[in-house]
Q: 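There's a structure below that I have some questions on.
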2 protein chains.
Amino acid sequence: MDDAVDLLMTQWARERPDLDVWPMGIMGRISRLSRLLDRELKEFFAAHGLERWEFDVLATLRRSGPPYELTAGALNRAAMVTSGAITNRIDRMAARGLVERIPDSGDRRSIRVRLTGRGLALVDEVLEPHVANEARLLASLDPRERDHLAAALRTLLASLGDTTLG
Amino acid sequence: MDDAVDLLMTQWARERPDLDVWPMGIMGRISRLSRLLDRELKEFFAAHGLERWEFDVLATLRRSGPPYELTAGALNRAAMVTSGAITNRIDRMAARGLVERIPDSGDRRSIRVRLTGRGLALVDEVLEPHVANEARLLASLDPRERDHLAAALRTLLASLGDTTLG
DNA sequence: GTTGATAATCTCAACGTTGAAATAACAGCA
DNA sequence: TGCTGTTATTTCAACGTTGAGATTATCAAC
């Protein structure tokens, strides 16, 4: 079964037979998959009254364990966005009562962002169906393919230096 | 070698041992890779005086073959963006003299976007170093791994319905 | 030929991110 | 104690996309 990237590479083979465009077979697919999967996740979270970025923040705090708090800096490294974006996200989530800003006792430049009871309840409620939804999106791969795929992607990520969550 | 997603999954295993979060091993990596690779491509194109989206439009037209023209609709399906975004892109690229709008003789609702001589020269000049740059970013994979990775991603993309470029 | 449904593009306000500058605080060292 | 360089967060204007609506054109059916 051909996908959109196969068509793209066929076009290049005809137009520029002098070039071997094999990297596009990976780069193009990661890019298109990312967009398609983002759309799916967006739709899923909308059905649960959440924006995707809201869930990302909630989940980052949740998986950090009690007391469910992280600095703003840790959150922006985890989300791979700039500090301005995180300030904005915290503002809006605090307004919704999902997180609260706590002054950091050890460093007055820092703030700690803490999950409220409501935020904790929400993320714990949505997490399982979210994972089930992700599994549905990946259902075309059998378990062996999944493992190989995850391993190859890990190799790539690590080679690009993505080894910490901040 | 662990990557950021391994850390993330370890955290979930500790906090929610009742859940098997294996899908995150793939979804999380595709998402993070997409961001990291986008940054790299952005940097590369900036060094050549181009925005990433500009190159995408140029390349889409170039690989369609002579006379290097496509409708606006074909371009927005290929780029996976909305029609408003494509209108905006065409405006700016036409202002730079990289493409021109041609009325479609067969359908007066349509326009055809055609590569100018300057646009064609630019994309042909940047293409080879671009592919080389992509190959550099993927250098951590050996040829067999590349093929398996591309195949698994193809399976996924096709299962999500991404089988045409418009 | 007229009607009604569909399609292609453009318009525009709302939205969120970026990137850079501003502010405040820490840390090491003379 | 006072410098100097660094770090954490916030602020804000610029930018590009989205999503919905407006416009214009096509096509099939009557």
Side-chain angles (χ1 to χ4, degrees), chain A residues 31-32 34-36 38-43 45-46 50-57 60 69-96 98-114 164-166, chain B residues 31-32 34-36 38-43 45-46 50-57 60 69-96 98-114 164-166:
Chain A
S31 175
R32 292 185 76 85
S34 180
R35 277 184 173 279
L36 285 172
D38 273 355
R39 281 186 203 164
E40 296 278 351
L41 296 189
K42 176 176 185 164
E43 192 175 337
F45 287 122
L50 277 170
E51 299 290 334
R52 209 212 147 167
W53 57 262
E54 287 180 313
F55 178 79
D56 283 344
V57 173
T60 303
E69 41 174 77
L70 290 171
T71 63
L75 285 174
N76 73 38
R77 283 187 293 277
M80 305 180 88
V81 295
T82 60
S83 60
I86 281 296
T87 295
N88 186 18
R89 290 179 180 189
I90 297 169
D91 285 347
R92 281 174 293 162
M93 292 182 71
R96 275 193 70 182
L98 298 175
V99 302
E100 51 192 346
R101 277 192 174 82
I102 311 258
D104 186 308
S105 50
D107 183 340
R108 272 181 302 174
R109 290 170 305 179
S110 267
I111 58 154
R112 302 192 73 80
V113 179
R114 180 190 295 169
T164 62
L165 284 166
Chain B
S31 174
R32 293 184 76 86
S34 179
R35 276 184 174 279
L36 285 172
D38 273 356
R39 280 185 202 162
E40 296 279 351
L41 295 189
K42 175 175 186 166
E43 193 175 335
F45 288 121
L50 276 171
E51 299 290 333
R52 205 203 156 184
W53 57 262
E54 287 180 312
F55 177 80
D56 283 345
V57 173
T60 303
E69 39 174 79
L70 290 171
T71 63
L75 285 174
N76 73 41
R77 283 187 293 277
M80 304 180 88
V81 295
T82 60
S83 61
I86 281 295
T87 296
N88 186 18
R89 291 180 180 188
I90 297 169
D91 285 347
R92 281 176 292 163
M93 292 181 71
R96 276 193 70 181
L98 299 175
V99 302
E100 51 192 346
R101 277 191 174 82
I102 312 259
D104 187 307
S105 50
D107 183 339
R108 273 182 301 175
R109 291 169 305 179
S110 267
I111 58 154
R112 302 192 72 80
V113 179
R114 180 190 295 169
T164 63
L165 283 166

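No experiment lies behind these values; they were computed from the predicted model shown. Throughout, a chain's letter reflects where its sequence line sits, starting with A, and its residues are numbered from 1. Computed from heavy atoms alone, side chains included, the values below leave out hydrogens, waters and symmetry copies.
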Q: Using the test side-chain contact (heavy atoms from CB on, under 4.5 Å), find all partners of B:Asp104 that sit at least two apart in sequence or belong to another chain.
A: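 B:Asp104: side-chain contact (heavy atoms from CB on, under 4.5 Å) contacts with B:Thr71, B:Asp107, B:Ser110, B:Arg112.
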Q: Which atoms form the tightest heavy-atom contact between B:Trp53 and B:Met93, and what is the distance?
A: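 Heavy atoms of B:Trp53 and B:Met93 come nearest at CZ3-CG, 3.6 Å.
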Q: B:Arg96: what forms a side chain to side chain donor-acceptor pair (under 3.5 Å) with it, not counting sequence neighbours?
A: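 Only B:Glu54 meet the side chain to side chain donor-acceptor pair (under 3.5 Å) criterion with B:Arg96.
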Q: So, using salt bridge (charged side-chain N to carboxylate O under 4.0 Å, His left out) as the criterion, who are the partners of A:Glu100 when residues are at least two apart?
A: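 Counting only residues at least two positions away or on another chain, A:Glu100 forms no salt bridge (charged side-chain N to carboxylate O under 4.0 Å, His left out).
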Q: Please list, one pair per line, the donor and acceptor atoms closer than 3.5 Å that link side chains of residues 82-90 of chain A to other protein atoms, with sequence neighbours excluded.
A:
| from | atom 1 | to | atom 2 | distance (Å) |
| --- | --- | --- | --- | --- |
| A:Thr87 | OG1 | A:Ser83 | O | 3.3 |
| A:Asn88 | OD1 | A:Arg92 | NE | 3.2 |

Q: Quick one: label A:Arg39 by what it contacts on the DNA or RNA (base, sugar-phosphate, nothing), any heavy atom closer than 4.0 Å.
A: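 If one applies the 4.0 Å heavy-atom cut-off, A:Arg39 turns out to touch nothing in the nucleic acid.
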Q: With sequence neighbours excluded, what pairs up with A:Arg39 under the side chain to side chain donor-acceptor pair (under 3.5 Å) test?
A: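 Applying side chain to side chain donor-acceptor pair (under 3.5 Å) to A:Arg39 gives none.
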Q: Taking only residues two or more places apart in sequence or in another chain, which ones pass salt bridge (charged side-chain N to carboxylate O under 4.0 Å, His left out) with B:Glu43?
A: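 Scan of B:Glu43 (salt bridge (charged side-chain N to carboxylate O under 4.0 Å, His left out), adjacent residues dropped) gives none.
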Q: Toward the 5' end of DNA chain D, which comes first, B:Met80 or A:Arg112, by nearest nucleotide?
A: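 Nearest nucleotide further toward 5': that of A:Arg112.
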Q: Shoot me the first and last contacting nucleotide of DNA chain D against chain B, ordered 5' to 3', at under 4.0 angstrom to non-hydrogen atoms.
A: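 Under 4.0 Å from chain B, the extent on DNA chain D is D:dG16 to D:dT26.
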Q: List every contact pair, protein side and nucleotides 4-8 of chain C side both N or O, where the distance is under 3.5 Å.
A:
| from | atom 1 | to | atom 2 | distance (Å) |
| --- | --- | --- | --- | --- |
| C:dA7 | O4' | B:Arg109 | NH1 | 3.4 |
| C:dA7 | N3 | B:Arg109 | NH1 | 3.2 |
| C:dA8 | O3' | B:Ser110 | OG | 3.0 |

Q: Starting at atom CZ of B:Arg52, determine the distance to atom P of C:dT18, rounded to an integer number of angstrom.
A: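 In whole Å, C:dT18 P and B:Arg52 CZ are 15 Å from each other.
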Q: Can you list the residues that meet the side-chain contact (heavy atoms from CB on, under 4.5 Å) rule with A:Ser34, with sequence neighbours excluded?
A: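 side-chain contact (heavy atoms from CB on, under 4.5 Å) check on A:Ser34 returns A:Asp38, B:Ile30, B:Ser34.
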Q: Does A:Arg35 have any salt bridge (charged side-chain N to carboxylate O under 4.0 Å, His left out) partners at least two apart in sequence or in another chain, and if so, which?
A: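 Expected list: none.
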Q: Only counting residues at least two apart or in another chain, list the ones meeting side-chain contact (heavy atoms from CB on, under 4.5 Å) with B:Arg108.
A: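 Once residues adjacent in sequence are excluded, B:Arg108 has no partner under the side-chain contact (heavy atoms from CB on, under 4.5 Å) criterion.
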Q: Give the residues of residues 83-92 of chain A touching DNA chain D, defined as any heavy atom closer than 4.0 Å, sorted by residue number.
A: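 Contacts with DNA chain D under 4.0 Å: A:Ser83, A:Gly84, A:Thr87.
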